[in-house]
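Have a look at the structure below before the remarks.
All ligand and atom numbering here is 1-based and tracks the order in the structure.
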Amino acid sequence: MKECLNVPVFRIISDIAAEENVKAFVIGGFVRDCILNRPSKDIDIVVLGSGIDFAGKVAKRLGKKRLNVFKNFGTAMLQAGDFEVEFVGARKESYRQESRKPIVEDGSLEDDQNRRDFTINAMAISLNSESYGQLIDPFDGVCDLGNKIIRTPLDPNTTFSDDPLRMMRAIRFASQLGFQIEASCFASIQQNRNRIKIVSMERVTDELNKIVLSPKPSVGFIMLEATGILDIIFPEFQALKGVDESGGQRHKDNFYHTLQVLDNIASVSNNLWLRWAAILHDIAKPLTKKFEPDLGWTFHGHEFLGSKMVPSIFRRMKLPLHESMRYVQNLVMLHLRPIVLSQEIVTDSAVRRLLFDAGENIEDLMTLCEADITSKNPNTVRKHLSNFQKVREKMIELEARDSIRNFQPPISGDDVQDAFGIKPCREIGIIKNHIKDAILDGIIPNDFDAAWDLMVSKGAELKLDVRLSKEELKAIAMVRGS
Ligand code: ATP
Ligand code: MG
């Protein structure tokens with residue numbers, strides 16, 4: 001296993017272990033990823049003794065002033081080149097029925113390996129001179145890696161009941177690595193699923209986001225659903241599953257459709273929030289579903305209701321509530337617009353409005369819409385894609401001419417107030433919208449002079465007189481920076 005140890009910090013740790021007569025091992029994710037040939041920047045070191053003391057010595061040898069010590073956890077972390085190295089003393093954990101917090105005692109390497117979550121995460125490599133580079137693999141993790149199996153070292157019911165987050169981690173590793181969860185382990189997750197409720201939402205969401213970011217996220221979501229965990233942590237997504245029939249007509253299963261859209265997005269983008277937009281684009285379909293005899297199954301307004309559901313879902317899941325959430329809301333809200341557009345004659349005005357409403361998100365919106373075409377009929381797919389191409393061409397043409405994407409109306413609300421010498425009132429909004437609509441509809445160009453003329457005529461209609469000349473307002477607006 002020596003090829004895993006060609007990072008300089010391992011030699012230093014090994015030297016200090018010899019000098020101090022302390023046993024040290026690299027363990028867990030780094031060992032797993034090295035055998036899998038996956039690059040990994042986190043190194044976990046376990047020592048028989050105090051992890052914090054040992055880390056202090058390594059830091060000193062490296063000439064490091066910074067060492068992050070977490071006294072409560074008995075761990076310390078330092079940065080060595082590109083690598084984050086965490087040190088911990090080997091420990092034994094025993095869980096009691098009545099508490100989630102284990103009793104932690106110093107332990108042997110074997111104790112420490114026993115408390116690990118999966119066989120593939122329990123492997124260690126010796127950093128000690130007499131056995132440098134030797135793999136210590138008590139549960140045959142190498143074999144499970146080869147067979148692509150997630151399995152717990154001990155009885156799965158104990159492992160999952162002790163720390164229910166491990167259920168999410170099992171599914172997350174299966175999704176990230178494309179592995180199977182061993183059958184008794186899977187059954188145990190089903191059985192223990194309700195215990196996920198005692199884990200904090202932050203930790204659950206951390207793992208969920210790793211599933212979302214995995215190469216083919218549907219793998220993880222299908223397991224979340226099959227184990228019953230999805231219904232507990234994300235009932236809105238669970239509700240997408242199923243097909244209703246009325247008058248011999250069936251709608252598509254929106255759970256599998258959404259997963260396909262998510263996989264499509266995952267194959268072209270690593271943007272977590274674009275992936276979340278895929279997850280949520282049809283989230284309101286169950287709530288808006290209706291059978292109308294003339295039309296069949298409809299989901300009117302699911303894009304509006306869906307975008308309204310985003311904040312409460314984000315809040316409950318402890319996802320960030322600012323830009324990322326607004327971005328997801330915007331995409332959910334607009335996800336039908338390019339499709340509607342491509343089915344009609346593509347007017348300049350409709351494309352300008354789409355550019356205005358999507359702003360900087362327009363490229364991602366188009367990517368989402370293309371991913372949303374999950375028809376099995378190649379002719380339908382081809383037709384939609386070529387219509388989208390037309391919309392894209394029109395967007396490029398209009399954007400070059402009118403710069404709508406970062407559109408700031410050439411006359412602001414403050415400008416309108418100053419021009420007419422009025423205080424904030426309803427008329428200002430009317431005039432501003434009138435100018436905006438005229439620009440988006442291509443009635444006037446996107447410039448100050450044209451907007452001025454329109455403002456004056458609309459003002460006259462509303463019985464308002466201008467108090468300034470065009471040049472005076474221009475000068476004021478310039479100073480204001482609008
Ligand atoms: P990644 O860093 O890619 O998320 P990892 O396996 O390194 O994967 P970490 O969360 O960094 O995961 O944990 C490091 C190691 O600590 C794991 O490999 C595992 O041995 C152990 N571990 C982490 N979380 C748990 C847990 N909840 N129960 C038992 N062991 C755990
Ligand atoms: Mg790690």
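- Taking all atoms of both residues into account, the shortest heavy-atom contact from His335 to Leu368 is CB-CD2, 4.0 Å.
- Relative orientation of the Phe118 and Phe173 rings is perpendicular, given thresholds of 30° and 60° on the angle between their planes.
- Scanning the protein for heavy atoms near atom 2 (O) of ligand 1, the closest one is Asp42 OD2, 4.1 Å.
- Between His251 and Trp297, the two ring planes are perpendicular [angle over 60°; tilted spans 30° to 60°].
- Only side-chain heavy atoms of Asp163 come within less than 4.0 Å of ligand 1; its backbone N, CA, C and O stay farther off.
- Between Arg38 and ligand 1, not a single N/O pair is under 3.5 Å apart.
- Protein heavy atom at the shortest distance from atom 17 (C) of ligand 1 is Arg169 NH2, 3.7 Å.
- Heavy-atom minimum distance, Arg275 versus Ser214: NH1-O, 3.1 Å.
- Using a 4.0 Å cut-off between a side-chain N of Lys or Arg and a carboxylate O of Asp or Glu, Glu130 and Lys23 qualify as a salt bridge.
- When only modelled atom types and interatomic distance are considered, Ser188 and Asn192 share a side-chain donor-acceptor pair under 3.5 Å.
- The shortest contact between atom 28 (N) of ligand 1 and any protein heavy atom is with Arg166 NE, 2.7 Å.
- At the shortest separation from atom 19 (C) of ligand 1 among protein heavy atoms lies Asp117 OD1, 3.6 Å.
- Taking atom 14 (C) of ligand 1 as the reference point, the nearest protein heavy-atom neighbour is Asp44 OD2, 3.5 Å.
- Looking at Asp33 next to ligand 1, no N or O pair under 3.5 Å apart turns up.
- For a threshold of 3.5 Å applied to N or O pairs, the pair formed by Arg172 and ligand 1 contains at least one separation below that value.
- Trp276 and Phe314 have perpendicular rings, their planes meeting at more than 60° on a 0 to 90° scale where under 30° would count as parallel.
- Any N or O atom pair closer than 3.5 Å counts here, and Gly29 shares at least one such pair with ligand 1.
- Taking 4.0 Å as the cut-off between side-chain N and carboxylate O, Lys92 and Glu105 do not count as a salt-bridged pair.
- Nearest heavy-atom pair across Lys241 and Tyr256 is CE-OH, 3.4 Å.
- Between atom 3 (O) of ligand 1 and the options Lys210, Arg115, Arg32, the minimum heavy-atom separation is to Arg32.
- Taking a cut-off of under 4.0 Å to the non-hydrogen atoms of Phe173, the atoms of ligand 1 that pass are 6 (O), 8 (O).
- For atom 11 (O) of ligand 1, the nearest protein heavy atom lies 4.0 Å or farther away.
- If you number the atoms of ligand 1 from 1 as listed, the ones under 4.0 Å from a heavy atom of Gly28 come out as 18 (O).
- The nearest heavy-atom contact from the protein to atom 21 (C) of ligand 1 is Arg116 NH1, 3.4 Å.
- The pair Glu363-Arg392 meets the salt-bridge criterion, since a charged nitrogen lies less than 4.0 angstrom from a carboxylate oxygen.
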